[in-house]
Visitor: 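This is the structure I want to talk about, given as structure tokens.
Source: prediction; values computed, not measured.
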Amino acid sequence: MFLNLLFGSPAIAVAWLVAILLTLTIHEFSHALVGKLRGDKTAEYEGRLTLNPMAHLDPTGFILLLLFGFGWAKPVPYNPYNLKDPKWDSVKIALAGPFSNLLMAIIAGVAFQGLVGGGVIEPTNLLAAFLFLTILLNLFLMLFNIIPVHPLDGSKLFFALFDHPKYQELRAFVATRGPQILFVAVLVSAFTSLNIFFFISEPAFAICDALIGGSCNGYFASIFSSF
């Protein structure tokens, strides 16, 4: 994906790279920050309470992200025994990442409407493209991460809600089969034209439409033909 952009639209490739580094960094930093606020300094001691992208990048995950559009950052560690309320503080730490993505998408959307909608810059301006990509990347990352499957952030909320013994079989299925199903879905999405993650892409573009006050699908097509 990134290589195709680099050779076809190098300016967009740089904007995409900066947007993804910013998105991943703030996502992981948010996990670390909430962990500290809830009483655990594990992430801080391991150098993860930082906005330095290099502290959060996983080399393999980042390379796969550049090549295929799917990847991961280094998970932020925490010790539940240091938390004030281990069960629900773990959920807060997990959901801090997706929540930060929502905030970033909203901020980028406000900036986009102010600059592009206000006529300050042209829609084909590189800054406009960067803001647009930031919106989309954050929405996709947010919606993907709330899937209730380990190791995604949504799994913490799922296991907290379904912690009663009567849900033991459901929990076991999600814990063991969930990651396998997710892995197959990612492979199918990466190597075929099937839109397996339509339940992510459709809401993401719908929210994006509202944030920019127009058609994100249309703008997506236009910026790639303009650079």
Visitor: Let me confirm one number: the CZ-OG distance from Phe220 to Ser215, rounded to the nearest 0.5 Å.
Guide: 11.5 Å
Visitor: State, with a plain yes or no, whether a side-chain heavy atom of Thr42 is found less than 4.5 Å away from one of Lys36.
Guide: no
Visitor: Got Leu139 and Phe205 here, is their nearest side-chain heavy-atom distance under 4.5 Å?
Guide: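 No - every pair of side-chain heavy atoms lies 4.5 Å or more apart.
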Visitor: Around atom CD of Glu122, are there more than 12 heavy atoms from other residues, nucleotides or ligands closer than 6.0 Å?
Guide: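 No, CD of Glu122 has 12 or fewer neighbouring heavy atoms, counting only those of other groups under 6.0 Å.
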Visitor: Return the minimal non-hydrogen interatomic distance between Leu83 and Pro86, and the atom names on each side.
Guide: O-CD, 3.9 Å
Visitor: Is the CZ atom of Phe199 crowded by more than 12 outside heavy atoms at less than 6.0 Å?
Guide: yes
Visitor: Answer yes if Val18 and Ile135 sit in the same cluster of Ile, Leu, Val, Met, Phe, Trp and Tyr residues linked by side chain heavy atoms under 4.5 Å apart, and no otherwise.
Guide: yes
Visitor: Should Phe158 and Ile93 be counted in the same cluster of Ile, Leu, Val, Met, Phe, Trp and Tyr side chains packed under 4.5 Å apart?
Guide: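 Phe158 and Ile93: separate clusters.
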Visitor: Less than 4.5 Å apart, any side-chain heavy atom of Tyr219 and any of Asp209?
Guide: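 No, every pair of side-chain atoms sits at 4.5 Å or beyond.
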Visitor: Please find the pair of heavy atoms, one from Ala172 and one from Thr176, that lie closest to each other, and give the distance.
Guide: O-OG1, 2.7 Å
Visitor: Going by heavy atoms in the side chains, are Val186 and Ile196 under 4.5 Å from each other?
Guide: no
Visitor: When the ring centroid of Phe130 is compared with that of Phe132, is the distance short of 6.0 Å?
Guide: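 No.
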Visitor: Within the distance-only criterion (no hydrogens, no angle test), does the side chain of Thr25 pair as donor or acceptor with the backbone N or O of Leu22 below 3.5 angstrom?
Guide: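 Looks like no, no N/O pair under 3.5 Å.
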Visitor: Under 3.5 Å, side chain of Asn138 to main-chain N/O of Thr134, donor-acceptor pair present?
Guide: yes
Visitor: Do Met142 and Leu95 land in one hydrophobic cluster if side-chain heavy atoms of ILVMFWY residues count as linked below 4.5 Å?
Guide: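 No, Met142 and Leu95 fall in different hydrophobic clusters.
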Visitor: Counting heavy atoms not belonging to Phe99, are there more than 12 under 6.0 Å from its CZ?
Guide: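 Counting neighbours around CZ of Phe99, 12 or fewer heavy atoms of other residues, nucleotides or ligands fall under 6.0 Å, so no.
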Visitor: So how far is it from Phe159 CZ to Asp163 CG, rounded to the nearest 0.5 Å?
Guide: 11.0 Å
Visitor: In the structure I gave you, are the side-chain heavy atoms of Phe29 and Leu24 within less than 4.5 Å of one another anywhere?
Guide: no
Visitor: Assess whether side chain to side chain contact (heavy atoms under 4.5 Å, CB included) is satisfied between Leu33 and Leu49, documenting all intermediate values.
Guide: CA-CA 6 Å; Leu33 177 61; Leu49 189 64; 3.9 Å; yes
Visitor: Sequence neighbours excluded and cut-off under 3.5 Å, please list the side-chain donor-acceptor pairs for residues 145-153, or say none.
Guide:
from: Asn145; atom 1: ND2; to: Leu141; atom 2: O; distance (Å): 3.0
from: Asp153; atom 1: OD2; to: His27; atom 2: NE2; distance (Å): 3.2

Visitor: Side chain to side chain contact (heavy atoms under 4.5 Å, CB included), that's the test. Do Val14 and Leu126 meet it? Break it down for me.
Guide: CA-CA 10 Å; Val14 172; Leu126 188 58; over 6 Å; no
Visitor: Check whether the side chains of Ser189 and Asn195 place a donor and an acceptor atom closer than 3.5 Å, and report yes or no.
Guide: no
Visitor: Taking C-beta and beyond as the side chain, do Val174 and Arg171 meet within less than 4.5 Å on heavy atoms?
Guide: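 Answer no - side chains too far apart.
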Visitor: Taking all non-hydrogen atoms of both residues into account, name the closest pair between Ala19 and Leu137 and its distance.
Guide: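 Smallest interatomic distance, heavy atoms only, reads CB-CD1, 3.5 Å.
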Visitor: Side-chain heavy atoms under 4.5 angstrom apart, residues restricted to Ile, Leu, Val, Met, Phe, Trp, Tyr: same cluster for Trp88 and Tyr167?
Guide: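 Trp88 and Tyr167: one cluster.
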Visitor: How long is the gap from NE2 on His31 to NE2 on His56, to the nearest 0.5 Å?
Guide: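 Reported value, rounded in 0.5 Å steps: 10.0 Å.
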Visitor: Only pairs under 3.5 Å count here: list side-chain donor-acceptor contacts from residues 102-118, not counting sequence neighbours, and write none if there are none.
Guide:
from: Gln113; atom 1: NE2; to: Leu211; atom 2: O; distance (Å): 2.8

Visitor: May I ask whether Leu157 and Val34 are part of the same hydrophobic cluster, defined by side-chain heavy atoms of I, L, V, M, F, W, Y residues being less than 4.5 angstrom apart, directly or through others?
Guide: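 Different clusters.
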Visitor: Distance-only check: which donor-acceptor pairs under 3.5 Å involve side-chain atoms of residues 59-82, not counting sequence neighbours?
Guide:
from: Trp72; atom 1: NE1; to: Asp58; atom 2: OD1; distance (Å): 3.1
from: Lys74; atom 1: NZ; to: Ala55; atom 2: O; distance (Å): 3.3
from: Tyr78; atom 1: OH; to: Ser90; atom 2: OG; distance (Å): 3.3
from: Tyr78; atom 1: OH; to: Lys156; atom 2: NZ; distance (Å): 3.4
from: Asn79; atom 1: OD1; to: Tyr81; atom 2: N; distance (Å): 3.0
from: Asn82; atom 1: ND2; to: Asp40; atom 2: OD1; distance (Å): 2.8

Visitor: Ignoring hydrogens and geometry beyond distance, is a side-chain donor-acceptor pair present between Arg177 and Gln180 at under 3.5 Å?
Guide: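 Their side chains do contain a donor-acceptor pair, which is all the 3.5 Å distance test asks for.
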Visitor: Between Ser9 and Ala11 (side chain of the first, backbone of the second, donor and acceptor by atom type, cut-off under 3.5 Å), is there such a pair?
Guide: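 No.
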Visitor: Can you tell me if NZ on Lys87 sees more than 12 non-hydrogen neighbours from other groups inside 6.0 Å?
Guide: yes
Visitor: Would you say the side chain of Leu187 lies within less than 4.5 Å of the side chain of Phe191, judging by non-hydrogen atoms?
Guide: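 Contact flag for Phe191/Leu187 side chains = yes.
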Visitor: Where do Ile12 and Ala129 come nearest, in terms of heavy atoms and distance?
Guide: CD1-CB, 3.8 Å
